[in-house]
Each structure stands twice: as structure tokens, then as C-alpha cells.
Amino acid sequence: MTDATDLRIAVNRLSRTLRAQKADTTVSDAQFAALARLHRDGPMTLAELSRQDGVTPPSMTKTIAVLVERGLVSKGDHGDDRRKVLLGATGAGAAFVEETRRRRDGWLTPRLAELTDAERRTLADATEIMRRLAQQ
């Protein structure tokens with residue numbers, strides 16, 4: 001049985017290595033997470049984005065301010081409620097997310113190709129197990 005410490009260390013090392021494969025390393029992990037969610041899920045309010053990313057609205061406000069300043073996120077009218085602002089990924093923001101995903105896949109794909117079929121099947125099974133663990 002895998003020791004929890006060993007699993008945690010291995011997952012963290014792999015995660016850290018993958019997170020480093022960004023189109024621009026000056027964008028923080030929190031900034032990338034917010035931008036990627038806007039790109040994937042479409043425009044939403046700051047409150048919705050904060051809730052989905054599990055951070056406080058003041059923290060998300062700081063994160064979004066940087067992304068807006070860099071031209072990666074835009075602010076627009078909500079439509080239903082003039083007091084609310086819709087946040088969305090700009091074209092540059094979408095390109096940044098897609099390039100980062102391409103780089104991360106580019107780093108991981110050749111390493112997966114070096115594994116045996118049995119190792120790849122084991123990783124596929126482990127991927128599903130880790131998804132379930134992450135949802136608990």
C-alpha cells in the first residue's frame with residue numbers, strides 16, 4: 001500500500017513541474033486558475049468565480065486586477081443587474097491558456113510515451129482514483 005506521504009510528495013512534485021510549464025511564468029498559479037476557469041466556463045461575476053475557485057472575493061479581486069491590467073481578462077456589463085460586472089477571458093487570455101495547456105501536454109506526452117502499456121494502464125486507473133479523492 002502506498003504511504004500517504006509518498007503519494008503526496010510525488011503528486012506535488014509532478015504538479016509543480018507541470019505548473020512551471022506556463023506561457024509566461026510571471027502569471028501566478030492563482031491567476032492562471034482564474035483565467036483558465038473563465039476561458040473554460042465563460043464569463044461570470046467575481047462572486048461566482050470566487051466561489052468556484054474556493055477563494056475569498058477580496059483575494060479574487062486582486063487576482064483579477066492583475067489579469068485585467070495585463071489584458072488577459074475583460075470586464076463587461078452584466079445585463080440583468082447593472083451593479084454586477086461580468087468577467088471574461090480576452091482573446092489574449094484565451095491564447096495564453098491554450099499555449100500553457102499545449103506546453104504542459106508537450107512536456108508530459110513524451111514522458112508518458114516512454115512508459116510501458118501496463119504502466120500507462122496503471123496511470124489511467126490512478127487518474128480516476130485521484131479524481132475521486134479530489135472530490136471528497
Side-chain angles (χ1 to χ4, degrees):
M1 172 173 268
T2 299
D3 178 69
T5 301
D6 291 341
L7 177 60
R8 178 182 47 78
I9 290 169
V11 168
N12 281 335
R13 283 183 181 157
L14 179 59
S15 179
R16 189 171 39 252
T17 300
L18 285 170
R19 283 193 318 262
Q21 309 303 312
K22 285 187 276 202
D24 179 345
T25 58
T26 64
V27 172
S28 73
D29 293 338
Q31 291 163 356
F32 182 77
L35 177 59
R37 183 172 300 280
L38 290 171
H39 176 62
R40 182 183 60 243
D41 297 343
M44 63 184 74
T45 66
L46 184 89
E48 292 167 328
L49 185 58
S50 298
R51 188 172 39 257
Q52 289 188 25
D53 272 10
V55 299
T56 64
S59 177
M60 186 58 73
T61 297
K62 292 175 187 173
T63 297
I64 291 300
V66 173
L67 295 171
V68 168
E69 182 180 305
R70 295 186 69 158
L72 301 174
V73 168
S74 64
K75 293 181 175 184
D77 294 332
H78 186 277
D80 294 340
D81 187 339
R82 291 182 13 206
R83 296 169 298 173
K84 294 182 181 179
V85 173
L86 276 183
L87 305 169
T90 63
F96 180 87
V97 169
E98 291 164 9
E99 174 62 15
T100 296
R101 288 178 179 161
R102 187 193 66 71
R103 287 178 185 215
R104 289 174 176 176
D105 288 348
W107 181 89
L108 189 55
T109 298
R111 285 158 177 84
L112 293 174
E114 293 174 0
L115 301 177
T116 66
D117 289 343
E119 288 171 325
R120 282 194 293 278
R121 281 192 300 275
T122 298
L123 274 181
D125 292 342
T127 298
E128 183 53 39
I129 293 166
M130 287 190 290
R131 280 190 188 120
R132 286 197 323 257
L133 286 173
Q135 292 175 351
Q136 295 178 352

Taken to the nearest 0.5 Å, the spacing of Leu35 CG from Ser28 OG works out to 10.5 Å
Please check if Val55 and Phe32 belong to a single hydrophobic cluster, counting links between Ile, Leu, Val, Met, Phe, Trp and Tyr side chain heavy atoms closer than 4.5 Å. yes
Within the side chain of Ser15, is there an N or O that forms a donor-acceptor pair under 3.5 Å with the backbone of Val11? no
If you define the side chain from C-beta out and look only at heavy atoms, does anything of Val97 sit under 4.5 Å from Arg101? yes
What's the spacing between Asn12 CG and Arg19 CZ if we round to 0.5 Å? 7.5 Å
Contact between Leu87 and Lys75 at the side-chain level, heavy atoms closer than 4.5 Å - yes or no? yes
For atom CG of Asp77, decide whether the heavy atoms of other residues, nucleotides or ligands shown that lie under 6.0 angstrom number more than 12. no
Main-chain N/O of Val27 paired with Lys22 side-chain donor or acceptor, under 3.5 Å: yes
Arg132/Ile129 under side chain to side chain contact (heavy atoms under 4.5 Å, CB included): CA gap, chis, key distance, verdict: CA-CA 5 Å; Arg132 286 197 323 257; Ile129 293 166; 4.0 Å; yes
With rounding to the nearest 0.5 Å, note down the distance linking CZ in Arg51 to CE in Met60. 11.0 Å
Give a yes or no on whether Leu14 and Met130 share a hydrophobic cluster (residues Ile, Leu, Val, Met, Phe, Trp, Tyr; joining criterion: side-chain heavy atoms under 4.5 Å apart). no
Do Asp24 side-chain atoms and Thr26 backbone N/O form a donor-acceptor pair below 3.5 Å? yes
Closest heavy-atom pair, Ala89 versus Ala94, reported as atoms and distance to 0.1 Å, is CB-N, 4.3 Å
Answer yes when Arg131 and Glu128 have at least one side-chain N-carboxylate O distance shorter than 4.0 Å, and no when they do not. yes
With no hydrogens and no angle check, is any side-chain donor or acceptor of Thr63 less than 3.5 Å from a backbone partner on Gln31? no
With heavy-atom distances below 4.5 Å as the criterion, would you say the side chains of Asp117 and Arg120 are in contact? yes
Verify same cluster id: Met44, Leu46 (apolar side-chain graph, 4.5 Å): yes
Take atom CZ of Arg13 as the centre, draw a 6.0 Å sphere, and report whether it contains more than 12 heavy atoms from other residues, nucleotides or ligands. no
Any Arg104 side-chain heavy atom under 4.5 Å of Leu108 side chain: no
Is atom CD of Glu69 surrounded by more than 12 heavy atoms (other residues, nucleotides or ligands) closer than 6.0 Å? no
Check: Thr17 main-chain N/O paired with Gln21 side-chain donor or acceptor under 3.5 Å: yes
Looking at Ala92 and Gly71, what are the two nearest heavy atoms and their distance? CB-O, 3.8 Å
Under a single-linkage definition using a 4.5 Å side-chain heavy-atom cutoff for Ile, Leu, Val, Met, Phe, Trp and Tyr, are Leu72 and Val68 assigned to the same hydrophobic cluster? yes
With rounding to the nearest 0.5 Å, note down the distance linking CG in Leu18 to OG1 in Thr100. 12.0 Å
Please walk me through it: do Ile64 and Leu49 pass side chain to side chain contact (heavy atoms under 4.5 Å, CB included)? CA-CA 10 Å; Ile64 291 300; Leu49 185 58; 3.6 Å; yes
To the nearest 0.5 angstrom, please state how far the OG1 atom of Thr109 sits from the CZ atom of Arg102. 11.0 Å
So, the side chain of Thr45 versus the backbone of Val85: is there a donor-acceptor pair under 3.5 Å, distance only? no
